[in-house]
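Residues: numbered from 1 along the sequence shown.
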Amino acid sequence: KKMKIEAGIRGALRNFSSENNNYIGDVLIKSQSTNYTYLDQVYAAYATFSHEIGKFSYQAGLRVESSFYEGELIDSAKKFKNQYPFSFFPSAFLTYHLSKKGDLQMSYSRRINRPGFFNLIPYTDYSDSLNLKKGNPDLRPEFTNSLELNYLHNFNRSDNMLISIYLKHSTDLITSFQSMEYDSALNRTVLISTSENANFSYAYGSELTIKKNVKKFLDLTGNINVYNSVINGTNLQSSLTNERLSWFAKMSASVKLPKNFSFQLSGNYFAQASLPVNSGGGGRWGMMGGMGGMGDGGGSNLQGYILPRYGMDVAVKKEFMKNRAASVTINFSDALGTMKHATHSENIYFIQDNSRQRDPQYVRVNFSYKFGKFDISLFKRKNTKVNTEDMGM
């Protein structure tokens with residue numbers, strides 16, 4: 001009753017082809033056109049063991065992974081590859097039950113973040129003449145080690161508080177990088193934006209999450225995270241480092257309405273940052289803070305910073321049928337239309353500001369029906385998800 005073993009295997013095989021041609025009038029510019037293919041293979045197996053001994057509970061796990069990447073520019077027969085025949089990703093969680101209301105937890109994990117589709121394709125995008133972009137087929141995955149200490153205090157059945165301190169260290173950090181180089185199509189030196197692997201990065205900080213039931217019909221959850229980050233890119237440019245203190249905050253309100261309706265309003269604010277981090281704490285309690293990992297989708301900026309941004313989401317939910325087994329949820333994303341990703345970059349060659357809005361406002365309708373009993377955590381394992389970043393484009 002107090003021991004659990006979990007294991008699984010996964011295989012992912014992705015074969016991509018991308019052909020991009022640039023013309024001046026009707027003339028094909030062969031030097032700035034690409035026909036690129038790549039094969040990405042990932043095979044993994046994992047096992048975890050959890051156990052309770054008195055006031056202690058722990059979980060130890062290990063994932064072994066073998067990955068291979070091979071890309072080729074067909075027209076020039078130039079090839080790119082990286083291989084990691086055996087990579088090990090251990091994890092450990094130790095919880096001590098201080099009292100009926102308080103738990104102390106320490107955790108460690110190692111994770112991998114692979115470059116996305118558009119980070120890899122070596123095609124120059126000329127759609128913005130002042131901001132040329134090109135993928136980097138030599139990009140390697142980044143590896144992150146995370147160490148966390150969490151304290152959870154339950155005031156009562158509905159009110160609790162989570163305090164976390166954390167340290168995250170990444171090697172081969174995938175970061176945006178801009179440099180000047182000669183362009184054969186334009187016959188001049190231009191500014192190129194691409195992705196590179198920086199030497200390393202680390203971030204350390206503290207997080208506070210509070211959940212409060214104000215009334216029987218109203219729940220509030222607040223989260224604030226303050227951290228310092230350092231990116232070392234001396235392998236790309238002499239003496240190039242970026243250190244910055246940053247923070248972000250999240251707030252949500254859930255209101256229970258008559259006839260099994262509920263309403264939720266959530267907002268967040270991200271301060272100026274060079275290395276975004278997800279919530280550091282949370283451990284395995286599944287609270288708002290337990291996100292772990294690096295990056296919130298904005299990506300890191302070695303030569304500048306990401307400008308502050310904020311947004312708000314609105315959702316309405318209706319539950320019905322026996323035991324509220326079925327529900328329909330309507331979610332309005334970025335209700336204020338403010339979640340624009342803007343960056344500032346500079347070095348001795350340039351000063352550049354740009355902004356983009358990848359996902360504008362949208363409405364999503366979700367239907368859910370619950371039946372039987374199963375362990376939904378098997379479908380939420382962060383370490384086994386396939387990276388589909390940018391594939392929607």
Side-chain angles (χ1 to χ4, degrees), residues 3-16 36-51 58-72 78-94 106-117 119-121 135-148 166-175 195-203 231-233 235-236 277-278 283-284 291-295 300 377-391:
M3 289 189 287
K4 179 181 178 181
I5 295 176
E6 181 182 324
I9 58 174
R10 177 176 74 95
L13 180 66
R14 300 189 293 172
N15 194 351
F16 286 104
Y36 190 70
T37 64
Y38 76 77
L39 178 65
D40 185 25
Q41 305 173 70
V42 180
Y43 307 101
Y46 78 91
T48 64
F49 174 76
S50 58
H51 188 202
Y58 67 90
Q59 176 178 296
L62 178 66
R63 190 173 90 259
V64 181
E65 186 177 276
S66 183
S67 61
F68 306 89
Y69 170 84
E70 295 181 350
E72 181 179 4
K78 189 175 182 180
K79 297 184 178 181
F80 309 86
K81 68 177 181 179
N82 61 62
Q83 299 182 356
Y84 296 87
F86 291 99
S87 298
F88 298 90
F89 300 91
S91 62
F93 300 86
L94 175 63
M106 290 187 64
S107 64
Y108 165 78
S109 64
R110 183 173 189 256
R111 297 175 182 174
I112 185 172
N113 178 37
R114 292 185 175 82
F117 180 80
N119 294 122
L120 292 168
I121 301 300
N136 179 5
D138 283 319
L139 268 183
R140 302 180 300 278
E142 66 180 56
F143 296 86
T144 299
N145 290 282
S146 301
L147 184 65
E148 303 174 5
Y166 61 90
L167 170 66
K168 300 175 186 291
H169 179 269
S170 297
T171 56
D172 286 332
L173 176 76
I174 298 174
T175 183
S195 297
E196 295 283 359
N197 291 109
N199 267 338
F200 63 85
S201 71
Y202 62 86
I231 306 176
N232 182 297
N235 60 313
L236 303 174
V277 299
N278 282 333
R284 304 187 61 79
M291 300 297 290
M294 300 294 291
S300 61
S377 65
L378 291 175
F379 299 93
K380 292 185 176 181
R381 297 189 61 86
K382 299 182 183 68
N383 289 338
T384 60
K385 72 176 182 179
V386 177
N387 184 351
T388 56
E389 180 184 358
D390 290 335
M391 292 309 298

Check against side chain to side chain contact (heavy atoms under 4.5 Å, CB included), Asn197 and Leu139: CA-CA 6 Å; Asn197 291 109; Leu139 268 183; 3.4 Å; yes
Assess, by modelled atom type and distance only, whether the side chains of Thr175 and Ser300 contain a donor and an acceptor separated by less than 3.5 Å. yes
Side chain to side chain contact (heavy atoms under 4.5 Å, CB included) with Val64: which of Phe86, Phe89, Tyr43, Tyr46? Phe86
Nearest-0.5 Å distance, OG of residue Ser146 to CG of residue Leu167: 8.0 Å
Please round to the nearest 0.5 Å and tell me the distance separating atom CG of Asn82 and atom CG of Asp138. 9.0 Å
Distance (rounded to the nearest 0.5 Å) between Asn119 CG and Glu196 CD: 11.0 Å
Heavy-atom side-chain proximity of Glu70 to Gln83 below 4.5 angstrom: yes
Determine whether Val277 and Tyr166 satisfy the following criterion, side chain to side chain contact (heavy atoms under 4.5 Å, CB included), listing intermediate values before the conclusion. CA-CA 11 Å; Val277 299; Tyr166 61 90; 3.7 Å; yes
If you measure from CZ on Phe80 to CG on Asn136, what distance do you get to the nearest 0.5 Å? 8.5 Å
Between Glu142 and the options Thr171, Ile112, Ile174, the side chain to side chain contact (heavy atoms under 4.5 Å, CB included) test singles out Ile174
What class does the angle between the rings of His51 and Tyr58 fall in, given that below 30° is parallel, 30 to 60° is tilted and above 60° is perpendicular? perpendicular
Closest contact, heavy atoms only, Tyr36 versus Glu72: CD1-O, 3.3 Å
For Ile9, I'd like to know if atom CD1 has over 12 heavy atoms of other residues, nucleotides or ligands within 6.0 Å. no
Hey, mind stepping through Leu120 and Tyr69 against side chain to side chain contact (heavy atoms under 4.5 Å, CB included) and telling me if it holds? CA-CA 11 Å; Leu120 292 168; Tyr69 170 84; 3.8 Å; yes
Side-chain heavy atoms of Asn145 within contact of Phe143, under 4.5 Å: no
Considering non-hydrogen atoms only, spot the tightest contact between Ser66 and Pro85 and give its length. OG-O, 2.8 Å
For residues Asn232 and Tyr202, determine if any side-chain heavy atom of one lies less than 4.5 Å from a side-chain heavy atom of the other. no
With a 4.5 Å heavy-atom cut-off, do Pro137 and Lys78 have their side chains touching? no
Show your working on side chain to side chain contact (heavy atoms under 4.5 Å, CB included) between Val42 and Arg10 and close with a plain yes or no. CA-CA 8 Å; Val42 180; Arg10 177 176 74 95; 3.7 Å; yes
For the OG atom of Ser201 and the NE2 atom of His169, what is their distance to the nearest 0.5 Å? 7.0 Å
To the nearest 0.5 angstrom, please state how far the OG atom of Ser91 sits from the CD atom of Gln59. 6.0 Å
